[in-house]
Engineer: 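Once you've had a glance at the structure underneath, I'll fire off some questions.
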Amino acid sequence: MQNPSAWAGIVSLAFAILVQTAFFAFWLGRVSQRLMSLEEHSKGREDVADKVIRLTVEMEHVNVALVKLVNNSESVNRQLGNIAMGRVGQITEL
């Protein structure tokens, strides 16, 4: 390795790796800091998640009840229609 350009290449490569490592460490520190702040911010918010889950389950039950109500009202509507048509038939027989 008597060629000075080879030494310059090795030094520049080592410098580039050092710079990239420093930037990666800086980025990792910022990500860690951000994660810690998010964890601190979310403390005490567990009850909100539980409330959302309970609300979701309650809405599912409401949707099931609504579907049953719609089905029952359709069957009542059909029965009333059958009764009305039966009475119309009886009136026309007279």
Engineer: Name the atoms and distances for all side-chain donor-acceptor pairs under 3.5 Å in residues 71-80, with sequence neighbours left out.
Structural biologist:
unit_1	atom_1	unit_2	atom_2	d
Asn71	ND2	Val67	O	3.4
Asn72	ND2	Lys68	O	3.4
Ser73	OG	Leu69	O	3.3
Ser73	OG	Val70	O	2.8
Ser75	OG	Asn72	O	2.8

Engineer: Distance from Leu35 atom CG to Arg30 atom CZ, nearest 0.5 Å?
Structural biologist: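 Rounded to the nearest 0.5 Å, the CG-CZ separation comes out at 13.5 Å.
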Engineer: Side-chain donor-acceptor contacts of residues 12-26 below 3.5 Å, not counting sequence neighbours, with atom names and distances?
Structural biologist:
unit_1	atom_1	unit_2	atom_2	d
Ser12	OG	Ala8	O	3.0
Ser12	OG	Gly9	O	2.9
Thr21	OG1	Ile17	O	2.7

Engineer: Say you draw a straight line from NZ of Lys51 to OG1 of Thr56; how long is it, rounded to the nearest 0.5 Å?
Structural biologist: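 Separation between the atoms: 14.0 Å.
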